[in-house]
Number of protein chains: 2
Amino acid sequence: MSEPLDPEMFADCSPVAAPMRIGDKWTAKIITCLESGPRRFTELRVPLRGITPKVLTESLRALERDGMITRTVYPEIPARVEYELTPLGRTLFEPMAAQCAWTREHLPELLAARQAHESAAH
Amino acid sequence: MSEPLDPEMFADCSPVAAPMRIGDKWTAKIITCLESGPRRFTELRVPLRGITPKVLTESLRALERDGMITRTVYPEIPARVEYELTPLGRTLFEPMAAQCAWTREHLPELLAARQAHESAAH
DNA sequence: CGGTATCCACGGGGATACTG
DNA sequence: CAGTATCCCCGTGGATACCG
């Protein structure tokens, strides 16, 4: 119960344990948008209200590098580009669902605690 | 499969769906440190290599505001302060475990994809 | 011991304009 | 259509020093 904390607890997980940018502002939303099938660049920009092309490109490239999505260019005119989740990318839905479940179940408690704290500080 | 994306998909979840700073640099580690029982400020600083007192204080205060931990001051000399997870705080272990499970299972694939990408870009 | 007070660096993200 | 190219803001987190 009260043994001292291991000083090396997090020694190895610094650079590698959080290599995915799932905690950033856009990635989880992008993954969600791709759940129902391949999507085009401009198509993604619609629900992703106000994301700039630069940021969307960066996010997609990062996901591609990590093997989460594929980028396919169809040689038409004008060119069509489609982004699609890989099987690996689809495994992200599990932890994402856990996050959503937590929020669904416990967000009211969190908000209540925040309210109570605000009142106490009056 | 290819119906247009709902433009309002994320309309309501912007400010409230990610109210927890679990994705930040330190919070998940702090929660982990508190799993085995209450801990003191200085005690937490040991495994949290290089966290500054300012940042640790900010993180703890945020968790306290959200009802995840309690802060108890014992009127001794010198004063002793203990941080402890609330029942609500303990519910965070579920989504955190899902994250860890994902990393354990899929990190090698991610790393391999990254390697392959690096080679391809030569 | 358990913080606070300042100051500062960095990088994610945004705004805007332009292009093959 | 699917991006690039610049420039810029701001918030997280770090460094350092000091305090009740």
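The basis for the numbers below is simple: all heavy atoms, side chains too, and nothing from hydrogens, waters or symmetry mates. To find a chain, count down the sequence lines: A is the first, B the second, and so on, and within it residues start at 1.
Side chain of B:Thr27 to backbone of B:Gly23: no donor-acceptor contact under 3.5 angstrom is found. Checking side-chain atoms of A:Arg90 against main-chain N and O of A:Glu35 turns up a donor-acceptor pair under 3.5 Å. At distances below 3.5 Å, at least one donor-acceptor pair connects side-chain atoms of A:Thr91 with backbone N or O atoms of A:Leu88. Within the 3.5 Å criterion, the main-chain N or O of B:Arg40 finds a donor-acceptor partner in the side chain of B:Glu43.
For the segment residues 71-82 of chain A, residues with any heavy atom less than 4.0 angstrom from an atom of DNA chain D are, sorted by number, A:Arg71, A:Ala79, A:Arg80, A:Val81.
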- Between B:Phe93 and B:Ile31, does a side-chain contact (heavy atoms from CB on, under 4.5 Å) hold up when you go through it step by step? CA-CA 8 Å; B:Phe93 284 118; B:Ile31 304 281; 3.9 Å; yes
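Partners of A:Glu84 under the side-chain contact (heavy atoms from CB on, under 4.5 Å) rule, at least two apart in sequence or in another chain, are A:Pro38, A:Thr70. For A:Ala101, the side-chain contact (heavy atoms from CB on, under 4.5 Å) partners at least two apart in sequence or on another chain are A:Arg104, A:Glu105.
Residue pairs meeting the side-chain hydrogen bond (donor to acceptor under 3.5 Å, both in side chains) criterion with at least one member in residues 46-59 of chain B, sequence neighbours excluded, are A:Glu8-B:Arg49.
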Polar pairs (N or O, both sides) under 3.5 Å between protein and nucleotides 4-10 of chain C?
{"unit_1": "C:dT4", "atom_1": "OP1", "unit_2": "B:Arg61", "atom_2": "NH2", "d": "2.9"}

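Chain B approaches DNA chain D over the interval D:dG13 to D:dA15, counting the first and last nucleotide 5' to 3' with an atom under 4.0 Å from its heavy atoms.
Phosphate contact (OP1/OP2 of C:dC1, side-chain N/O of B:Arg40, threshold under 4.0 Å): absent.
As a whole-Å value, the separation of A:Arg49 CZ from C:dG14 P is 15 Å. Computed from coordinates, the A:Arg45 CZ to C:dG14 C1' distance equals 12 Å when rounded to whole Å. When rounded to the nearest whole Å, the span between CG of B:Leu56 and C1' of C:dG3 equals 10 Å. At whole-Å resolution of the value, CD in B:Glu58 and C1' in C:dG2 are 15 Å apart.
Both tests hold for B:Arg80 against B:Tyr74: distance to the six-membered ring centre under 6.0 Å, angle to the ring axis within 45°.
Within a 6.0 Å radius of CD in B:Glu82, more than 12 heavy atoms belonging to other residues, nucleotides or ligands are found.
Counting only heavy atoms from C-beta outward, the side chains of A:Leu92 and B:Trp102 approach each other to under 4.5 Å.
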